Number of protein chains: 6
Amino acid sequence: MVSMTDLVTFGETMLRLSPPRGERLETTGDLAVQAGGAESNVAVGAARLGADARWLSKLPDSPLGRRIVNELRSHGVRSGVAWTEPDESRLGTYYLEHGGAPRGTNVIYDRTDAAITTVSPDELPTDAVEEAEWFHTTGITPALSAAAAETTTALLKTAGDAGTTRSFDLNYRSKLWDPQTARAAYEDLFEHVDTLFVPRRDAREVLDREGDAVEIAHGLATEFAFDTVVVTRGLEGAVALHDGSMYEQDVFEADTFDAIGTGDAFVAGFIAERLRGGDLPAALQWGSATAALKRTTDGDLAVTTRAEVQSVIDGEGGINR
Amino acid sequence: MVSMTDLVTFGETMLRLSPPRGERLETTGDLAVQAGGAESNVAVGAARLGADARWLSKLPDSPLGRRIVNELRSHGVRSGVAWTEPDESRLGTYYLEHGGAPRGTNVIYDRTDAAITTVSPDELPTDAVEEAEWFHTTGITPALSAAAAETTTALLKTAGDAGTTRSFDLNYRSKLWDPQTARAAYEDLFEHVDTLFVPRRDAREVLDREGDAVEIAHGLATEFAFDTVVVTRGLEGAVALHDGSMYEQDVFEADTFDAIGTGDAFVAGFIAERLRGGDLPAALQWGSATAALKRTTDGDLAVTTRAEVQSVIDGEGGINR
Amino acid sequence: MVSMTDLVTFGETMLRLSPPRGERLETTGDLAVQAGGAESNVAVGAARLGADARWLSKLPDSPLGRRIVNELRSHGVRSGVAWTEPDESRLGTYYLEHGGAPRGTNVIYDRTDAAITTVSPDELPTDAVEEAEWFHTTGITPALSAAAAETTTALLKTAGDAGTTRSFDLNYRSKLWDPQTARAAYEDLFEHVDTLFVPRRDAREVLDREGDAVEIAHGLATEFAFDTVVVTRGLEGAVALHDGSMYEQDVFEADTFDAIGTGDAFVAGFIAERLRGGDLPAALQWGSATAALKRTTDGDLAVTTRAEVQSVIDGEGGINR
Amino acid sequence: MVSMTDLVTFGETMLRLSPPRGERLETTGDLAVQAGGAESNVAVGAARLGADARWLSKLPDSPLGRRIVNELRSHGVRSGVAWTEPDESRLGTYYLEHGGAPRGTNVIYDRTDAAITTVSPDELPTDAVEEAEWFHTTGITPALSAAAAETTTALLKTAGDAGTTRSFDLNYRSKLWDPQTARAAYEDLFEHVDTLFVPRRDAREVLDREGDAVEIAHGLATEFAFDTVVVTRGLEGAVALHDGSMYEQDVFEADTFDAIGTGDAFVAGFIAERLRGGDLPAALQWGSATAALKRTTDGDLAVTTRAEVQSVIDGEGGINR
Amino acid sequence: MVSMTDLVTFGETMLRLSPPRGERLETTGDLAVQAGGAESNVAVGAARLGADARWLSKLPDSPLGRRIVNELRSHGVRSGVAWTEPDESRLGTYYLEHGGAPRGTNVIYDRTDAAITTVSPDELPTDAVEEAEWFHTTGITPALSAAAAETTTALLKTAGDAGTTRSFDLNYRSKLWDPQTARAAYEDLFEHVDTLFVPRRDAREVLDREGDAVEIAHGLATEFAFDTVVVTRGLEGAVALHDGSMYEQDVFEADTFDAIGTGDAFVAGFIAERLRGGDLPAALQWGSATAALKRTTDGDLAVTTRAEVQSVIDGEGGINR
Amino acid sequence: MVSMTDLVTFGETMLRLSPPRGERLETTGDLAVQAGGAESNVAVGAARLGADARWLSKLPDSPLGRRIVNELRSHGVRSGVAWTEPDESRLGTYYLEHGGAPRGTNVIYDRTDAAITTVSPDELPTDAVEEAEWFHTTGITPALSAAAAETTTALLKTAGDAGTTRSFDLNYRSKLWDPQTARAAYEDLFEHVDTLFVPRRDAREVLDREGDAVEIAHGLATEFAFDTVVVTRGLEGAVALHDGSMYEQDVFEADTFDAIGTGDAFVAGFIAERLRGGDLPAALQWGSATAALKRTTDGDLAVTTRAEVQSVIDGEGGINR
């Protein structure tokens, strides 16, 4: 059994609205509703794998805001939310239309002026960050507003001062900002980060890195003094540099039902295993297996269990009856 | 057959998102999606009853914005839309949770900073207003933003200059503004209005009128020189003052499946009949019958036909086979 | 336990296609599919109440035709079907849009040239009629085509010759023929009928009868020498004339979910009880209770049980746990 | 803000499986899945109204068992569950078919040998009972098995020893046991109960009480030394005897969407208000309003808020926009 | 921006009724309803890609007939419909059961005696054909009835006389006629056709052509003096002969959600690009990309946009956020 | 046409409850309901392919029990059921969560103490077994209870005495018993079996056989004197030993929508063809084709037709219109 408050994450969670497979946003009559947000996705994934997890954010105290907290809570995640009056702020939403080659999956953000854009550290239970073993946030949050960016920095500093491990997933979103602005913001934050998660493509296109994943990891670790750099390469798997050693992890092949949240599931599996004392290779394996399981289920969240992750690592499958 | 462009309306149309009956926004997994907005509701209702109708507004050129136009178009309403780039503005949405006594029906607006809040007359096909026989808008639009309020005034003036009949439905929304602010805004617009639709309750609570519906109608007509004042009284029916004569209309009793849009359906039926040359009593009857039919069907829109409205007026019903 | 083949019915069964409550045929994206037809409704209702029932008809040997037989069979009704090649005939369909006052329920028949319109007695297992205790058909069948009318006459004659009790439900359908044509056809058949079911309204408007239900029953029994005449009066209940005695039955009040099939359920309950040896008052009571139960459930069919009917007669209800 | 662990409840929670309205268990293709159980219903209702609530029970550690805990947790209820291996026990289920007059609502229990039937006090966190302000259970639990009955007694004693207020809802279930057996079991427990909730009908038919609700309350309070006796009378409202005074509460009329859980919602509202320091009349009012709100929504649970309950008490309603 | 009435098509549009994936027509309880017909599919596809498109046909003026017009109108297609009284004709329907290897997709036509079978040119707005740049119809229409065949010929002649480009998609349907009859009918029409679309298989099996697609194109162009012949070869792509030059186009690989309408989408993309002035290779590319997009979405219609087609041509995809 | 009662099967049929694709039992709000059980799956499959089939079992006379019989009956299977009072026994259920690599499909049985566990031969119409040409049961039944095992033995003996062909499908279920116990039970039954169906994997892991499928077949036939041994090898197809000859059959490749019931469909196709007089190779081909068709449709049952199976054997497919 793990100790209290292993993991705290901070970021925006939105209402995810998606039409049935094969239907289009322009014509559908029906939207499935779920909670989705990179940082709460990580909290849920890690909580389901045994971590005591908490998520910090800001929400309107409306049925819509409460359903976010309730859905996370159903998976065991406690929330530390700065509530506004129901009509004082809005809940960010995003519309997700599943694609199918050659049609891309389309995400329409409707998150402008969401509650979190006015967040400040003093509204949040920052002591939770100090008492946690691990703090995680992503590159989406600083893109949302100046206040969100400042709060991100403040929480990372708080974590650093308290000795809490700090991880950061780049999560570049081209619909929120351009690469140059994003790069500058990221690089300001990197000094407060212990573990960086970064897709190879973003390392190249946003951080202007060159070379293969190994070279990227070395370059970033050298320049920004990260403890750990994990570079993900889509179907080619991930590499990680930690304490001067390089580790490699294949993906587990998956029948993809819903790809959204795959990266967050990877991070969740990685952190959950690190929190349990697993070494880097084990953490990569848990990350990769959790990500594969996520792909088989609907929604942003990695609704899985320790037993299922272990079963993927052990190569089991088929019909269990 | 009626002539081209009988009716032009102007206002915001939102995406309406509603859970199944008996389910709550806080817990539902499913939202039905429809287009809803007072002024397009009127355009659709009137178009389905034979009017050539057009709706003016401003929308993002996204799948969500286009579905509004498509849904109205499916009912025969042409749109005159100022399109923005997909990411330059947002589409207003509203969440509708159907109630059941003693629980009220709950509407959560998420329309702040919607595209229409930056509308200006020069973005819109104002010649359509000049060429129309009738122009209709409501008290919701001026509540949305200064720009929307100014455009409302400008279009009413344009209509007045061109000899187009102008109607205005008070449609007070307590979630958008307070009674004092609303009253001031309404009264500035009243000089540009020929026909006023007003619920008795709003006349009392927002316009500070006293007395019964007849007294209210007389008072408003006298003070603001309306051609016609229609005061609706919920289940007690409507009264109308026109050319110094007072007319009364009962409601047609209805099994209410969805009450949203009832008032707009009334206005649609009224205007459609006026445009066909019907006198005031006929227009009230068509308004009342269209409203009753609206209550029996799902969604904001009065999806009905001339034959059905006539059938209600004639007192038919039962199983038709 | 009842004996083999108590009841044979003959008529058309269609695919019933209906949108969800509150939605309209003109706009719905979804249709529920069920089997529906007056004579098979009676067979199903009676079979569920313990009768051994068989239904005779003609269908295309397509997935659509087979699903009719399968659905009836699931309720215990055996079919005696003249099958055509899949593409040689079509299955009749009907679209059902549930109304709500003041909007009527609307039925759109699409049954022209359905398979049954070319039926002839020699295609059907007429020995089943001879061996049955009871044969039932309705006034819909002769309206479908000359061949269907001739087959109706032939089967009634076959039943008469074999001593099988023959019942006939007038079931006037204004969308199929006019009252004059219908009346002539009905009256030609009446000499072959023992028990007549007739709504008071049809007795007046189609059969040109005058007076109240009792007078109608007497008049018809006298003129056409029926053993039994049952006149239904909607919410006022039914009266029956049998062997010179008059019986009266109230309706059991019901929360109506779907009114279609109520009359057929009444007939089913009546016949099922007669077949078990019940007297007229008992049969009327069973008919009325079965009809009330039908109204509470979706679809044409009286999906109920002997225990439930008994429970209605005994006045039970509430939550059973 | 209320203190930690106001309320602990103990009992079985089942998977509730119910077909769509108007469909029958015998023919439906679709079942809605929800958690339902009298004692967790009370915990959820009270938690949503501000109480810190916990529910004790026994479940298999399977996806089905976990979904019970997750659903309760989403509403803020913490669980104290004795978990068995996934295949070592089963989760109780119940099938719920909504009725409509004259057809009763039908509940089919499939709860034999459910996990809770082998529960013992030492498997449960009984310290939670000691630390709580209030402990609640119902007459369903002792009907499930000898072990469940013994655990019920033990927990009531634990609560009594610790000075925790103990309430008991008779909740007689004729499908679980007969009145005589039930009565004996109840009466053995009554000495450990402070507040008794009992429907007038059960008082008469199971407890063999005579007279009206007031007389019943007096009789029970006298005989068993209850602090408080609340007798509910269906649509006639409730009466309560407390400290020698009698209080009466009308029902709030409701459009009933789903009646299941109404009694539990009453208890939840009552306890929540008592825990906040409300007096008896206030508790009755909160109970009655919570019950009315429950009736308007789908499922066993009173998915409501303090604001909504207050709004019912204040007589508000209509469309809120 | 393109000019008014670029494209007119003529043909039958049916109600398409299809069960959910994996379910069978014989057992399903649910049918999705959509509009489908080769010629309106082309009109919708082209309209969505910027063409001003109109569709000519004949329909009953019933809710079912109107929903066809409404659905096309929602995509921007204007209709020129000869309306019959509601009960004077029927709307063709087709049942579509999606297959999965080795089970074929099954289409059951129920279109006999549909309204269009009695169509005549004088019922239709033939001036629309004269004023259009392009007229398109298919080999389905002449198979429906003698009147439909004669009207097809008449409209092609009208188009020819007016200098409107005429295209024809062979669209052989073995459930409507045999190859010999079809061939004779096609060949009578070919003299009135400028652009022929023909699948290689139909060229061989129905038109008795030999050789590969290139040889087929040459042979047909030579014999019937087509301006353009496009021969499609399923997954092998298309070839086109135009002005003596041969062009080849690969398919864009697609995750097929619904293959119905793929050929019509190809034609729509081809015509839309030709109308915008694109050359043959561009038209083939647009046809192929539109067809690929169609395959990814539910229904007959190519619900896509110019931007999406361009994105396919440019090889983009993935998750867009 | 085949003769009366070709096939009798005996075993348990459960309610199958499964969430939509991509959803998890732990979070779904919706379960599809179907009948499923190895032996009734075989009966349905064979009945749909022309055999007169009957299924023997024991059920509670509740709506749930009756729906099992009704669903089988809809496919033409007659039932010989020992009914218990509604509350005297329970219906077995199983929860099915569809997987997707690397997540396995998960089956949760909730069948303990189902009605069949108390079955005895004298409750069943054993004369049906004597009069049948073929009797089939599986290795699931003896795992359910001692009584079920004894009844299995008794029915196999009855069949043997009457000269009825007896087949047995091993169907090892690791969730019901361990390999050693299962093996002992199987081997006791083998002397009463003519045709054995066994998956290669179970032959190895449960029956402790070695070698390839051919060796396994020879070994089993030799040791237990089976007439026929069919060894299935998943995607590698099946081999059969009969009268000393070995036959091999490839699988027909299939787009798998639902793999549950594939083995039963194979058996159904095999037996149906044997009953029609087909030789071993034909039976293997029918088994394999029926299995492939089963995989394309939802549910346990092979809802197919003789024409479809023939079409698979003939290699047809595509869109049929």
Side-chain angles (χ1 to χ4, degrees), chain A residues 1 4 13 15 30 32-35 40 43-45 47-50 52-55 59-81 83-88 125 293 296-299 301-311 319-321, chain D residues 1 4 13 15 30 32-35 40 43-45 47-50 52-55 59-81 83-88 125 293 296-299 301-311 319-321:
Chain A
M1 188 57 196
M4 284 297 288
T13 300
L15 218 53
D30 214 37
V33 199
Q34 290 158 304
S40 57
V44 165
R48 294 192 58 97
L49 299 179
D52 178 68
R54 194 164 179 189
W55 165 77
L59 289 172
D61 186 12
S62 67
L64 303 175
R66 290 194 299 268
R67 74 166 288 146
I68 298 295
V69 166
N70 293 1
E71 187 170 340
L72 303 183
R73 186 160 55 179
S74 77
H75 297 289
V77 172
R78 288 177 298 135
S79 296
V81 167
W83 293 104
T84 78
E85 288 297 302
D87 295 328
E88 234 172 60
L293 284 163
T296 68
T297 57
D298 192 46
L301 304 179
V303 181
T304 184
T305 60
R306 293 194 62 78
E308 284 185 338
V309 175
Q310 194 61 58
S311 171
I319 300 177
N320 180 20
R321 63 182 170 186
Chain D
M1 188 58 195
M4 284 295 290
T13 301
L15 218 52
D30 214 37
V33 199
Q34 289 159 305
S40 56
V44 164
R48 294 193 58 97
L49 298 179
D52 177 69
R54 195 162 178 189
W55 165 77
L59 290 172
D61 187 12
S62 67
L64 303 175
R66 289 193 299 270
R67 75 165 289 145
I68 298 295
V69 166
N70 292 1
E71 187 169 340
L72 303 183
R73 185 160 56 180
S74 77
H75 296 288
V77 172
R78 288 177 298 134
S79 296
V81 168
W83 294 104
T84 78
E85 287 299 301
D87 295 327
E88 233 172 61
L293 284 163
T296 68
T297 58
D298 191 46
L301 305 179
V303 181
T304 185
T305 61
R306 293 193 63 78
E308 285 185 338
V309 174
Q310 193 62 58
S311 170
I319 300 179
N320 179 20
R321 64 181 171 187

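In what follows, every chain begins at residue 1, and chains take the letters A, B, ... in the order their sequences are listed. In this text, all values refer to a predicted model and were calculated from it rather than measured experimentally.
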Inset, instruction - State, with a plain yes or no, whether a side-chain heavy atom of A:Arg54 is found less than 4.5 Å away from one of A:Val77. - result: no
Inset, instruction - State which residues pass side chain to side chain donor-acceptor pair (under 3.5 Å) with D:Thr296; sequence neighbours excluded, sorted by chain then number. - result: B:Arg103
Inset, instruction - Not counting sequence neighbours, which residues clear side chain to side chain donor-acceptor pair (under 3.5 Å) with A:Ser79? List them please. - result: none
Inset, instruction - Could you grab the distance from atom CD of D:Glu308 to atom OG1 of D:Thr297, nearest 0.5 Å is fine? - result: 9.0 Å
Inset, instruction - Identify the residues of residues 60-69 of chain A whose heavy atoms come closer than 4.5 Å to a heavy atom of chain D, ordered by number, or report 'none'. - result: A:Arg66
Legend entry - Residues which pass side chain to side chain contact (heavy atoms under 4.5 Å, CB included) with A:Asp30, listed by chain and number, not counting sequence neighbours: A:Pro20, A:Thr28, B:Asp30
Legend entry - Residue pair A:Ser74 / D:Ser74, side-chain donor-acceptor N/O under 3.5 Å: no
